[in-house]
Amino acid sequence: MTKKSRYYVRPDGLHEAIRTINGKRVAFRGKTDREVDRKILEYKERQEKGRTVKEVCDEWERAREPEIGEASRIGYGYRVKTLEDALGEKPVKEVKPIDLERLLLRMKERGQAAATISLQLTVLKQVFRWAVVHGDIDISPAAEVRLPRGAIRGQRGSLTAEQIKTVTEYRGEEWLLGLMLLYTGCRRGELMALRYEDIDRKAGTITIRRKVNYAYRPPRIEDHTKTDAGMRTIPLLSPVRRALPRDRLGLVFANADGSPFSQAQLDSRWARYLRGTGLQGPDGQKITPHWLRHTFATICYDAGVDVKSTSSFLGHADEKITMELYTHLTKSREAASAEKLEAYVKKETAEG
């Protein structure tokens with residue numbers, strides 16, 4: 001005689017039990033009562049352990065996706081993968097601050113740059129904050145985690161006074177590209193999306209509204225309104241004012257059909273510009289467009305522009321980024337002044 005099932009047997013032959021767990025009705029199905037019992041037990045165990053790091057990461061990424069551009073999504077995606085590779089299957093409740101500190105320390109030991117490790121820390125803090133807000137944990141294990149000391153900081157390349165003069169006076173191939181990078185402080189993608197309609201000669205301003213996103217092929221022009229810092233107004237400085245033609249419409253830099261340059265086209269134009277100007281960094285180091293953006297910040301510093309204004313011109317989301325730059329420049333100038341003072345004193349005491 002067949003033993004009667006303790007659970008409801010559906011028309012399709014599956015055994016089914018409905019349980020209310022933590023206020024939520026959950027259906028468990030299996031071929032036998034034993035299989036249903038096993039699934040109920042496994043579910044309860046998972047509920048007690050809570051969600052895994054990977055589950056929280058996936059939910060956090062889905063929630064953020066509509067708020068950020070493709071390039072940012074890709075950048076954050078790498079850092080999420082790093083977290084998931086290290087701790088993905090671990091329940092969020094079991095993650096300790098030491099786990100996160102070890103993750104960052106391993107990145108440092110592999111020689112990854114401070115900026116990369118800093119972005120990883122940002123992702124850690126946001127993911128575990130999400131877990132706090134959504135009830136997985138009460139306190140974030142990332143709250144007190146700091147960057148490991150001694151991480152390699154990228155070199156902030158900047159043009160010399162003589163090179164600035166070269167950029168200002170050069171009128172060879174792609175001269176406008178270099179001139180505008182230097183005297184607007186724009187990011188490469190922002191400059192490639194700049195339209196003549198964004199330039200107000202009467203007010204003496206340029207409004208940065210868009211950027212070209214090179215994460216797509218072909219590249220896409222995106223609104224910069226996702227961040228208040230991204231959309232901004234910068235001064236129309238005299239070298240740019242004199243260089244730009246009047247009564248034009250459309251992109252300042254574009255193909256014949258009005259489309260933005262591709263990544264390859266931009267790289268090719270930049271290479272021609274470097275050949276034409278002869279610009280190169282110390283020990284033959286290649287100069288990138290970002291060097292000119294950094295040089296713009298240096299010009300602001302030398303001109304006595306305050307940190308808040310420079311941060312606004314550069315579109316920094318956090319004034320701390322500009323403050324760090326200004327601090328770096330101050331220390332560099334102080335070191336150079338100390339060397340000059342030492343050389344002068346040596347000369348004077350030797351002659352005496």
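Please read these numbers as outputs of a predicted model, since none were measured by experiment.
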Path from [X] to [Y] over hydrophobic side-chain contacts below 4.5 Å:
X	Y	answer
Leu237	Val305	yes
Val26	Leu14	no
Leu105	Leu83	no

Side-chain touch [X]/[Y], heavy atoms, less than 4.5 angstrom:
X	Y	answer
Val252	Asp198	no
Leu194	Cys186	no
Leu244	Arg201	yes
Leu182	Ile299	yes
Trp270	Leu181	yes
Trp291	Gln163	no
Ile164	Thr298	no
Arg79	Leu124	no

Quick check against the 3.5 Å criterion: does [X] have a side-chain atom that pairs as donor or acceptor with the backbone of [Y]?
X	Y	answer
Ser311	Val307	no
Ser140	Ala142	yes
Glu35	Lys31	yes
Asp138	Val132	no
Lys39	Arg29	yes
Thr184	Met180	yes
Thr295	Leu159	yes
Thr277	Tyr273	yes
Lys286	Gly281	no
Arg293	Leu314	yes

Worksheet item: Going by atom types only, do Thr168 and Tyr183 share a side-chain donor-acceptor pair under 3.5 Å?
Response: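 There is such a pair (donor and acceptor under 3.5 Å, judged by atom type) between the side chains of Thr168 and Tyr183.
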
Fill in: Ser238 and Arg241 side chains, donor-acceptor separation under 3.5 Å
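There is no such pair (donor and acceptor under 3.5 Å, judged by atom type) between the side chains of Arg241 and Ser238.
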
Item to complete: I would like to know whether Leu279 and Tyr170 meet side-chain contact (heavy atoms from CB on, under 4.5 Å); could you show each step before the answer?
Response: CA-CA 11 Å; Leu279 292 175; Tyr170 175 69; over 6 Å; no

I'd like to know whether [atom1] of [X] has more than 12 heavy-atom contacts from other residues, nucleotides or ligands below 6.0 angstrom.
X	atom1	result
Asp257	CG	yes
Tyr196	OH	yes
Asp85	CG	yes
Arg6	CZ	yes
Arg110	CZ	yes
Ile139	CD1	no
Arg171	CZ	yes

Out of curiosity, [X] [atom1] to [Y] [atom2], how far, rounded to the nearest 0.5 Å?
X	Y	atom1	atom2	result
Gln120	Leu147	CD	CG	11.0 Å
Trp130	Glu59	CH2	CD	5.5 Å
Ile18	Arg25	CD1	CZ	5.5 Å
Leu176	Glu174	CG	CD	9.0 Å
Leu87	Glu94	CG	CD	11.0 Å
Leu177	Arg272	CG	CZ	10.0 Å

Discussion item. Going by the rule side chain to side chain donor-acceptor pair (under 3.5 Å), which residues pair with Arg19 if we only count those two or more places apart in sequence or in a different chain?
Written reply: none

What is the minimum heavy-atom distance between [X] and [Y], and which atoms define it?
X	Y	answer
Gly77	Glu61	CA-OE2, 3.9 Å
Cys300	Thr310	CB-OG1, 3.5 Å
His15	Ser5	ND1-OG, 3.1 Å
Ile117	Pro148	CG2-CD, 3.9 Å
Cys57	Val127	SG-CG1, 3.9 Å

Listed by chain and number, what are the salt bridge (charged side-chain N to carboxylate O under 4.0 Å, His left out) partners of [X], not counting sequence neighbours?
X	answer
Asp200	none
Asp136	Arg51
Arg242	none
Asp58	Lys54

Salt-bridge contact [X]-[Y] (side-chain N to carboxylate O under 4.0 Å):
X	Y	value
Arg10	Asp12	yes
Glu197	Arg195	yes
Arg146	Glu144	yes
Glu190	Lys211	no

Discussion item. Between Phe128 and Val92, does the side-chain contact (heavy atoms from CB on, under 4.5 Å) criterion hold? Intermediate values first, please.
Written reply: CA-CA 8 Å; Phe128 287 101; Val92 173; 4.1 Å; yes

Worksheet entry | Qualifying residue, where the test is side-chain hydrogen bond (donor to acceptor under 3.5 Å, both in side chains) with Tyr7 and the options are Asp33, Asp37, Thr32 |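 In the set Asp33, Asp37, Thr32, the residue that makes a side-chain hydrogen bond (donor to acceptor under 3.5 Å, both in side chains) with Tyr7 is Asp37.
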
Worksheet item: Please walk me through it: do Phe313 and Ile208 pass side-chain contact (heavy atoms from CB on, under 4.5 Å)?
Response: CA-CA 10 Å; Phe313 295 159; Ile208 307 302; over 6 Å; no

Worksheet item: Could you go step by step and tell me if Asp99 and Leu103 meet the side-chain contact (heavy atoms from CB on, under 4.5 Å) rule?
Response: CA-CA 6 Å; Asp99 297 322; Leu103 187 157; over 6 Å; no

Discussion item. Applying side-chain contact (heavy atoms from CB on, under 4.5 Å), can you list everything that pairs with Gln263, at least two apart in sequence or on another chain?
Written reply: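 For Gln263, the residues satisfying side-chain contact (heavy atoms from CB on, under 4.5 Å) (neighbours in sequence not counted) are Arg188, Tyr214, Asp267.
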
